[in-house]
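Working notes, beginning with the structure itself.
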Amino acid sequence: MDYSNLRRQAASMKKGLFDQGHLDEQFRQVEDLQDEASPNFVEEVAVLFFKDSGRLISNLEQALEKYPRDFNRWDAYMQQLKGSCSSIGASRMKSECMSFKDNCGKGNVEGCMGCLQKLKREHAILRQKLESYFQLLRQAGPTGAATRPVM
C-alpha cells in the first residue's frame, strides 16, 4: 500500500475542509495538542464533539416543540452548541448558531427553524467529511495501530 499517497490524500482532504469553510484555525490548535502519547487525540475530540452536539441539537428540537416562542431558552441551548462548535473549529456550524441566535433576538421563529435545518445539514456534512478524513489517516499509518474511537 502506498502510504505516502494516502497521506497526500488526507492532507488534500483537510485542506478542502478549511478551504470550504467547514473548519477554522481552532481545529489546527486542537491538532497541535495531539502527540505520540495520544495519537488519536483529535479524532477522540471529534467523536465527543459529535456526540455532544447531536445531544444539544436534539435538546433544542425538543425545546422548540415544548416551549414555543421561548427565545431565551432557545438561545441558551444554542449558546452551548455554539461553544462546542467554537472549541473544535466547526466554523460553518458556528455561523449557523450565530444566525439562529440573531433570529432569537429578533423573535423570528421561522428564521430560527431555517437556521436549525441548515445547522443540522452542516452537522451531518462535517461529520461525514471528518469520518472519511480520520479513516484515511488511520489507513496512512503510523496511527493505524491505534484503536479507533466509536462515533
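Considering only residues two or more places apart in sequence or on other chains, E25 meets the side chain to side chain contact (heavy atoms under 4.5 Å, CB included) condition with R28, Q29. The side chain to side chain donor-acceptor pair (under 3.5 Å) check on Q26 picks up nothing, with sequence neighbours excluded. Residues passing the side chain to side chain donor-acceptor pair (under 3.5 Å) test with R73, sequence neighbours excluded: D70. Evaluation of the ring-ring contact (aromatic ring centres under 6.0 Å, His included) rule for F71 yields W74 as partners, not counting sequence neighbours. Taking S38 as the reference, D35 meet the side chain to side chain donor-acceptor pair (under 3.5 Å) condition, with sequence neighbours excluded.
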Show me, pair by pair, the donor-acceptor contacts under 3.5 angstrom made by side chains of residues 110-119, not counting sequence neighbours?
none

Show which side-chain atoms of residues 46-56 pair as donor or acceptor with protein atoms under 3.5 Å away, not counting sequence neighbours.
| unit_1 | atom_1 | unit_2 | atom_2 | d |
| --- | --- | --- | --- | --- |
| D52 | OD1 | R55 | NH2 | 2.4 |
| D52 | OD2 | S84 | OG | 3.0 |
| S53 | OG | F49 | O | 2.7 |
| S53 | OG | F50 | O | 3.4 |
| S53 | OG | H123 | NE2 | 2.8 |

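Applying the salt bridge (charged side-chain N to carboxylate O under 4.0 Å, His left out) test to pairs two or more places apart or on separate chains, those with a residue in residues 91-101 are D75-K101, R92-E122. Sorted pairs that involve residues 78-101 and meet ring pair (Phe, Tyr, Trp, His ring centres under 6.0 Å), not counting sequence neighbours, are lacking altogether. Within the structure, ring pair (Phe, Tyr, Trp, His ring centres under 6.0 Å) pairs that include any residue of residues 8-32 do not occur (at least two apart or interchain). For residues 12-23, the pairs satisfying salt bridge (charged side-chain N to carboxylate O under 4.0 Å, His left out) are K14-E31, K15-D19, with sequence neighbours left out.
Of all the heavy atoms in R69 and G107, the pair that sits closest is NH2-O, 3.8 Å. Across all non-hydrogen atoms, the minimal contact from V30 to I88 is CG2-CA, 4.4 Å.
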